[in-house]
Amino acid sequence: MAENITRVATDVGGTFTDLVCFETDHESGELKLRTAKSDTTPPDFEIGVLDVLAKSGVELSEIDFLAHGTTVVINALAERNGVTVGLVTTSGFRDVLEIARGNRPDFFNLHYDKPPPFVPRFLRREVPGRMTYRGQELQPLDLSPLPEIIDGFKSEGVQAIAICLLHSYANPSHELAVQDEIKRLWPEIFSVASHQITREWREYERTNTAVLSAYVQPVAERYLKRLDRGIRDLEFQGALYVMQSNCGVDTVESASRIPISMVESGPASGVWGAAELGKLIGERNILALDIGGTTAKCSLIHDGHVKIVTDYWIERTRTSSGYPIMVPVVDMVEIGNGGGSIARVDEFGKLYVGPRSAGAIPGPAAYGKGGTEATTTDANLWLGRINPSYFCGGTLTADMAAAEKAINSIGAELGANADEVARGIIRIANNNMVNALKLVSINRGYDPRDFTLVAFGGGGPMHAVALAQELGIRRVVVPPGAAVFSAWGMVMTDLRRDYFVTRLVDLKPGSAKAIEETFRESEDLARKQFAREGIEANRIVFTRFGRFRYQNQEHTTEVEIDLDHIGEQAVETIESSFHETYEREYTYRLDAPVEMVGIHLVASAEAGRFTITERPSGSNDVQVAVKGERDVDYALEGIHRAAIYDGTRLEPGMTFNGPAIIEDPGMTVVVHPGNRVEFDGFGNTRIELD
């Protein structure tokens with residue numbers, strides 16, 4: 001009898017809470033995939049998680065590994081339902097949050113107002129003391145003002161304290177002393193110091209990150225405790241991990257201390273899933289595309305690596321600079337185009353799609369819940385790309401009369417019929433998504449023709465081929481359970497932490513020692529942190545990156561350093577790699593000195609990983625999966641009679657040619673004329689383009 005392994009992931013989205021379960025059959029040893037969906041239940045999100053676990057039929061006592069992704073952090077920020085925060089900073093730097101940056105997006109607006117800081121000025125307090133940018137003490141720290149500061153915070157109802165002192169990324173000793181004194185004076189208050197989150201420079205970004213982490217910490221901690229208690233009451237005995245924005249999971253204890261690291265946990269897991277899927281099927285270069293109800297997200301995976309950045313902003317728009325969060329986040333572009341994106345006509349008679357969305361309530365007009373505005377989903381239904389009788393996997397019958405009325409209302413403004421309007425909506429939505437894919441590929445120095453497009457989310461498989469055709473991509477892969485693929489990605493993750501440290505080192509003879517010492521210090525810190533949580537040092541794998549720039553430049557380019565030890569001979573190799581990476585991204589290189597600004601260390605440890613095996617080919621008779629035929633309007637290629645396939649009956653080895661539609665309970669795959677489709681042993685739908 002095979003050992004039973006059950007790994008489960010739950011992903012809380014804006015509308016639905018998704019579940020993916022991999023379990024080993026007791027008798028055959030075969031790995032089986034199970035998925036489920038339930039409604040998301042704000043503000044008590046843990047109820048939706050418990051609901052989807054019950055709906056899936058998985059016995060919690062049999063689960064070895066449970067990964068959880070949540071929108072609780074980003075929701076708390078967006079809805080402003082965090083707690084009252086007090087800030088302690090260096091004398092003279094009380095107004096860093098207010099000053100912010102001068103790179104406002106609405107540059108010519110003379111009445112532009114910066115976004116208000118999350119901490120008002122009367123809750124921002126100062127302590128004397130000063131470090132230099134090299135970590136040397138310039139002025140001793142004076143803790144005498146803290147008792148009065150704490151009394152003031154108590155009287156103002158402060159529930160969390162953020163600490164950010166000047167140049168603490170170089171030497172955190174002053175921050176540690178302030179934090180210890182706050183704990184002595186007010187033991188029950190939560191506090192977070194900026195060095196606990198990041199050791200990178202840029203004062204405004206570090207300060208804002210510490211403030212936002214404090215702002216959401218009590219909310220996130222209460223939620224994770226309720227979730228942990230709820231599953232333990234149902235006899236869950238395994239390990240609970242929380243998905244982070246860096247494509248890895250972390251323990252509940254660690255995530256509760258630094259909850260801001262969960263800010264983009266859902267999108268990150270989808271990108272990681274695409275990278276892991278690529279390794280399974282031999283595709284190292286991937287463009288990952290996730291189209292949901294409200295947004296489309298895309299990211300580039302080169303040679304199997306997902307790029308992680310710390311230049312992340314929330315609420316950034318064409319008219320607002322938003323707020324920076326300096327935590328490791330997967331590098332992606334997100335636009336307001338999804339299934340619920342609303343079409344509109346402006347005062348000049350021009351058709352737009354998105355970014356405004358119909359959401360889940362009232363949703364697209366075809367939902368029959370009172371929606372009156374045409375959306376991308378309504379257009380897909382009208383063109384025959386979605387089956388009105390198998391809408392949302394057969395759980396709804398599309399209200400085509402409402403969809404027609406909504407589309408015709410747009411047509412009345414444009415002087416066009418319903419077919420022309422629906423085609424226009426699809427083409428504009430596709431164009432918006434193509435532009436987003438270009439931002440992560442062409443704009444970064446990569447040719448999309450060298451990549452495979454992996455499409456997931458409820459809407460990804462419907463638009464993927466059209467996007468691939470526009471970009472010259474020859475292969476599209478739609479994974480199994482694409483509608484819940486972000487949860488699939490969580491199942492495939494490892495325990496991961498990213499360490500960023502600023503340290504200025506000129507790349508010249510004699511610099512290797514300083515670079516190696518910086519990496520070693522971070523590796524020792526990682527081992528100590530993992531050891532406190534029972535993870536042995538021999539389980540930890542380190543991956544090294546350096547951040548470099550030409551001297552006198554402002555920003556850096558990250559380069560992987562594939563070396564366990566950096567000696568003097570390695571410096572020249574590192575510099576050469578920087579020149580190549582810089583030229584690929586910016587099309588030129590300079591004959592100028594290079595300096596390292598800092599390091600990026602990835603520390604990961606397997607969390608009970610398993611191997612997915614390929615199923616052998618079965619029956620080649622694809623006709624058993626044919627449901628019928630219908631006319632489908634492909635927007636650019638015209639109307640074609642398409643074969644309709646039942647996705648649940650497709651087996652490994654089955655092939656067919658487009659035009660076709662594959663209908664699955666959670667998604668619809670649109671196969672264009674001339675495409676060749678193959679269903680592989682991992683359950684993927686592979687589409688080859690002409």
Side-chain angles (χ1 to χ4, degrees), residues 9 11-13 18 20 67-71 74 241-250 261-281 283-292 294-312 325 327-335 337-338 433 436-441 443-444 446 448 451-461 463-464 467 473 476-496 498 543 545 558 560 600 602 604 684:
D11 178 28
V12 178
D18 301 334
V20 165
H68 177 61
T70 176
T71 57
I74 193 67
Y241 294 100
V242 181
M243 188 68 198
Q244 308 291 289
S245 305
N246 64 352
C247 292
V249 293
D250 208 342
S261 60
M262 299 187 288
V263 67
E264 285 284 8
S265 62
S269 59
V271 175
W272 182 256
E276 289 296 299
L277 178 65
K279 294 173 185 176
L280 275 178
I281 63 177
E283 299 284 354
R284 303 281 294 179
N285 293 336
I286 285 173
L287 280 170
L289 174 68
D290 177 5
I291 303 177
T294 304
T295 62
K297 310 171 191 72
C298 51
S299 185
L300 183 140
I301 299 157
H302 180 246
D303 195 26
H305 293 297
V306 177
K307 185 176 181 181
I308 303 298
V309 298
T310 54
D311 182 21
Y312 174 75
I325 300 179
V327 293
V329 177
V330 62
D331 185 20
M332 68 171 65
V333 169
E334 182 173 355
I335 62 169
N337 262 251
M433 297 174 202
L437 288 165
K438 287 179 178 178
L439 287 175
V440 298
S441 57
N443 284 30
R444 310 281 173 84
Y446 295 97
F451 290 76
T452 293
L453 182 62
V454 174
F456 50 96
H463 296 265
L467 306 183
I473 296 172
V476 172
V477 175
V478 178
V484 293
F485 190 68
S486 288
W488 190 95
M490 289 181 205
V491 178
M492 306 300 293
T493 55
D494 292 326
L495 192 65
R496 169 173 172 156
D498 289 66
T543 307
F545 299 88
E558 186 168 279
E560 183 175 4
H600 171 197
V602 178
S604 59
N684 302 299

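The residues of the chain are indexed from 1 along the displayed sequence.
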Fill in: Heavy-atom check, side chain of Ile301 versus side chain of Val271, under 4.5 Å
yes

Practice prompt. Search all heavy atoms of Leu453 against all heavy atoms of Ile473 and return the closest pair with its distance.
Written response: N-CG2, 4.0 Å

Worksheet item: Is a side-chain N or O of Gln244 found less than 3.5 angstrom from the main chain of Val242, in a donor-acceptor match?
Response: yes

Discussion item. Contact between Asn684 and Val478 at the side-chain level, heavy atoms closer than 4.5 Å - yes or no?
Written reply: no

Practice prompt. Name the orientation class of the two ring planes belonging to Phe456 and Phe485 (parallel below 30°, tilted from 30 to 60°, perpendicular beyond 60°).
Written response: tilted

Discussion item. Keeping Ser604 on the side-chain end and Asp494 on the backbone end, is there a donor-acceptor pair under 3.5 Å?
Written reply: no

Practice prompt. Would you please test Val440 and Leu287 for side-chain contact (heavy atoms from CB on, under 4.5 Å) and show each step?
Written response: CA-CA 8 Å; Val440 298; Leu287 280 170; 3.9 Å; yes

Discussion item. I want to know whether His68 and Tyr241 have ring centres closer than 6.0 Å.
Written reply: no

Practice prompt. With rounding to the nearest 0.5 Å, note down the distance linking CD in Glu558 to CZ in Phe545.
Written response: 5.5 Å

Discussion item. Between Arg496 (side chain only) and Gly248 (backbone N and O only), is there a donor and an acceptor less than 3.5 Å apart?
Written reply: no

Worksheet item: Heavy-atom distance under 4.5 Å between the side chains of Val484 and Asp11, does that happen here?
Response: no

Practice prompt. Taking Thr295 for its side chain and Ile335 for its backbone only, find out whether a donor-acceptor pair lies under 3.5 Å.
Written response: no

Worksheet item: Can you check whether Thr493 reaches Met243 side chain to side chain, under 4.5 Å on heavy atoms?
Response: yes

Item to complete: Taking all heavy atoms of Tyr312 and all of Glu264, pick out the closest pair and write down the distance.
Response: OH-OE2, 2.7 Å

Response to the item:
In terms of heavy-atom contacts, Ala296 and Ile291 come closest through CB-CG1, 4.1 Å

Discussion item. Please check: side-chain N/O of Ser245 versus main-chain N/O of Ser261, any donor-acceptor pairing under 3.5 Å?
Written reply: yes

Worksheet item: Side chains of Lys297 and Ser299: donor-acceptor distance under 3.5 Å anywhere?
Response: no

Worksheet, complete the sentence: Heavy-atom nearest pair, Pro461 first then Ala482, reads CG-CB, 4.2 Å

Worksheet item: What distance do Glu276 atom CD and Cys247 atom SG have between them, rounded to the nearest 0.5 Å?
Response: 9.5 Å

Fill in: Ala464 to Ala455 - nearest heavy-atom pair and separation
CB-CB, 3.5 Å

Item to complete: Find out whether Leu289 and Leu467 are in side-chain contact, i.e. whether some heavy atom of one side chain is under 4.5 Å from a heavy atom of the other.
Response: yes

Worksheet item: Should Met490 and Val249 count as side-chain neighbours, where that means a heavy-atom distance under 4.5 Å?
Response: no

Practice prompt. Determine the interplanar angle of the Tyr446 and His302 rings, folded into 0 to 90°, and report it as parallel if under 30°, tilted if 30 to 60°, perpendicular if over 60°.
Written response: tilted

Worksheet item: Do Ile308 and Asp331 have side chains that get closer than 4.5 Å, going by heavy atoms?
Response: no

Worksheet item: How far apart are the C-alpha atoms of Arg444 and Leu300, what are their side-chain angles, what is the distance that settles it, and do they pass the side-chain contact (heavy atoms from CB on, under 4.5 Å) test?
Response: CA-CA 9 Å; Arg444 310 281 173 84; Leu300 183 140; 5.9 Å; no

Discussion item. Please determine whether side-chain contact (heavy atoms from CB on, under 4.5 Å) holds for the pair Leu495 and Asp250, giving the CA-CA distance in whole Å, both sets of side-chain angles, and the decisive distance to 0.1 Å.
Written reply: CA-CA 5 Å; Leu495 192 65; Asp250 208 342; 3.8 Å; yes

Worksheet item: What is the minimum heavy-atom distance between Thr452 and Glu283, and which atoms define it?
Response: OG1-OE1, 2.9 Å

Worksheet item: Going by heavy atoms in the side chains, are Val330 and Lys307 under 4.5 Å from each other?
Response: no

Discussion item. Is it the case that the side chain of Asn246 and the backbone of Pro328 share a donor-acceptor pair, with hydrogens and angles ignored and the cut-off at 3.5 Å?
Written reply: no

